[in-house]
Peer 1: 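Encoded as structure tokens, here's the structure I'll be asking about.
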Amino acid sequence: MSADPPSDPQPLRLEVEDLCVERGGRPVIDGLGFSLASGEALLVTGRNGAGKSTLLRAIAGLLPHRRGRVAIAGAKEEEPAGLLHYLAHADGLKAPLTARENLDFWARFLGGGGLAPERALERVGLAHVGEAPVAILSAGQKRRIALARLLVANRPLWLLDEPTSALDRAARERLAEAMRAHLAAGGMIVAATHEPLGLPEARELALGARP
Ligand SMILES: Nc1ncnc2c1ncn2[C@@H]1O[C@H](COP(=O)(O)OP(=O)(O)OP(=O)(O)O)[C@@H](O)[C@H]1O
């Protein structure tokens with residue numbers, strides 16, 4: 001698995017300033033700020049319930065923030081939504097469709113510009129199940145197809161929530177390779193994780209658990 005260069009050749013910077021995000025009426029993220037340049041990765045760590053997924057969803061624009069700012073500086077438009085891939089806990093696959101059909105859908109939905117679905121399936125080592133309905137695939141195979149989505153559309157910012165869940169060792173190595181290629185090509189990664197991801201240069205943002 002490896003990634004092609006992001007489509008935007010300009011150096012970009014993810015800027016998060018004084019971010020406050022509430023869940024169920026109470027602040028989970030409060031006054032958080034950081035920035036990330038092209039080629040950099042940030043590992044978001046912390047106990048269950050610390051707010052890792054909340055942070056990723058807020059950056060993705062899927063949760064409103066009560067205060068603060070999230071922007072991608074250096075891009076034509078500062079709104080991050082069209083510049084990112086968000087890989088959630090759920091794989092976001094349609095079970096009756098085949099693996100290839102799912103990737104076809106995502107390539108069209110996300111604007112394409114990346115690898116052909118068949119090629120992306122090869123990169124995640126799943127060419128042999130491309131025509132199988134996703135419903136019959138294993139948890140790890142589904143996760144690999146979800147990860148192949150990163151490759152069918154070029155987007156500079158990858159937001160990855162527990163990307164290694166259900167992956168075997170070989171798939172983890174392929175993912176690490178893809179992330180390193182993405183960073184080398186000027187991409188950015190923010191990943192919530194409970195374990196090392198094979199990115200030795202990555203910075204860490206440790207979130208504290210709330211009572
Ligand atoms: N829909 C919701 N309504 C109310 N509270 C929520 C909601 N979703 C999450 N929370 C709360 O927000 C807090 C942060 O949750 P979040 O999912 O961001 O944690 P996390 O660090 O990703 O945890 P984990 O390691 O278990 O995935 C938790 O206390 C959780 O109970």
Side-chain angles (χ1 to χ4, degrees), residues 14-36 40-72 79-95 106 124 134 137-150 155-169 171-176 178-179 182-183 187-211:
L14 170 65
E15 295 176 346
V16 175
E17 292 171 4
D18 193 25
L19 189 66
C20 175
V21 186
E22 293 182 343
R23 305 303 299 263
R26 71 187 182 87
V28 171
I29 306 283
D30 198 1
L32 179 69
F34 65 86
S35 74
L36 199 65
E40 289 185 338
L42 184 71
L43 304 186
V44 184
T45 61
R47 287 190 272 171
N48 293 138
K52 302 179 296 297
S53 299
T54 298
L55 174 60
L56 294 191
R57 290 178 64 79
I59 295 172
L62 299 171
L63 278 178
H65 37 272
R66 186 176 162 77
R67 201 180 64 233
R69 174 176 171 267
V70 175
I72 296 186
E79 273 303 308
L83 299 170
L84 59 85
H85 278 296
Y86 170 58
L87 179 86
H89 279 268
D91 292 321
L93 302 172
K94 293 185 192 320
W106 280 111
V124 298
V134 158
L137 300 181
S138 74
Q141 287 173 325
K142 287 178 189 157
R143 195 63 173 162
R144 283 156 75 167
I145 294 164
L147 287 163
R149 218 169 71 203
L150 303 171
R155 294 195 159 191
L157 174 59
W158 290 4
L159 301 174
L160 310 177
D161 203 345
E162 306 283 356
T164 56
S165 71
L167 296 185
D168 63 22
R169 182 181 296 186
R172 283 168 196 235
E173 281 165 15
R174 283 177 189 266
L175 170 63
M179 291 191 293
H182 182 63
L183 297 174
M188 298 175 283
I189 297 174
V190 181
T193 185
H194 291 287
E195 57 186 57
L197 294 182
L199 300 175
E201 307 297 323
R203 281 149 50 201
E204 181 177 347
L205 172 66
L207 296 180
R210 304 297 198 276

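Both counts, for ligands and for their atoms, begin at 1 and track the order of listing. What you are looking at is a predicted structure, and each value in this text was computed from that prediction instead of being measured.
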Peer 1: Between A50 and ligand 1, does any nitrogen or oxygen pair lie at a separation below 3.5 Å?
Peer 2: yes
Peer 1: With a cut-off of 4.0 Å, which atoms of ligand 1 are near a heavy atom of T54?
Peer 2: 14 (C), 15 (O), 16 (P), 18 (O)
Peer 1: Which of the numbered atoms in ligand 1 are under 4.0 angstrom from any heavy atom belonging to H194?
Peer 2: 25 (O)
Peer 1: With respect to E162, determine whether any N or O atom, backbone or side chain, lies less than 3.5 Å from an N or O atom of ligand 1.
Peer 2: no
Peer 1: I'd like to know if R57 contacts ligand 1, where contact means a heavy-atom distance under 4.0 Å to any ligand atom.
Peer 2: no
Peer 1: Checking R67 now: which residues fulfil salt bridge (charged side-chain N to carboxylate O under 4.0 Å, His left out) with it, not counting sequence neighbours?
Peer 2: D18, D30
Peer 1: Under a 3.5 Å distance rule, please check whether K142 uses its side chain to pair with a backbone N or O of G92 as donor and acceptor.
Peer 2: no
Peer 1: Are N48 and H194 packed together at the side-chain level, in the sense that at least one heavy-atom pair is separated by less than 4.5 angstrom?
Peer 2: yes
Peer 1: Is there side-chain contact between I189 and L197, with at least one heavy-atom pair below 4.5 Å?
Peer 2: no
Peer 1: Need the ligand 1 atom indices (1-based, order shown) with element for anything under 4.0 Å from a heavy-atom of R26.
Peer 2: 29 (O)
Peer 1: Taking only heavy atoms of G51, which atoms of ligand 1 are found under 4.0 Å from at least one of them?
Peer 2: 14 (C), 18 (O), 19 (O), 20 (P), 21 (O)
Peer 1: Flag G46 as yes when one of its N or O atoms lies below 3.5 Å from any N or O atom of ligand 1, and as no otherwise.
Peer 2: no
Peer 1: For ligand 1, does R47 get within less than 4.0 Å through its side chain, its backbone, both, or neither, judged by non-hydrogen atoms?
Peer 2: backbone
Peer 1: Verify, without hydrogens or angle tests, whether R144 (side chain) and V124 (backbone) share a donor-acceptor contact under 3.5 angstrom.
Peer 2: yes
Peer 1: Record the part of V28 in heavy-atom contact with ligand 1 below 4.0 Å; permitted values are side chain, backbone, both and neither.
Peer 2: side chain
Peer 1: Below 30° counts as parallel, above 60° as perpendicular, anything between as tilted: where do the rings of W158 and H182 land?
Peer 2: parallel
Peer 1: A95: which residues meet the side-chain contact (heavy atoms from CB on, under 4.5 Å) condition with it, sequence neighbours left out?
Peer 2: A135
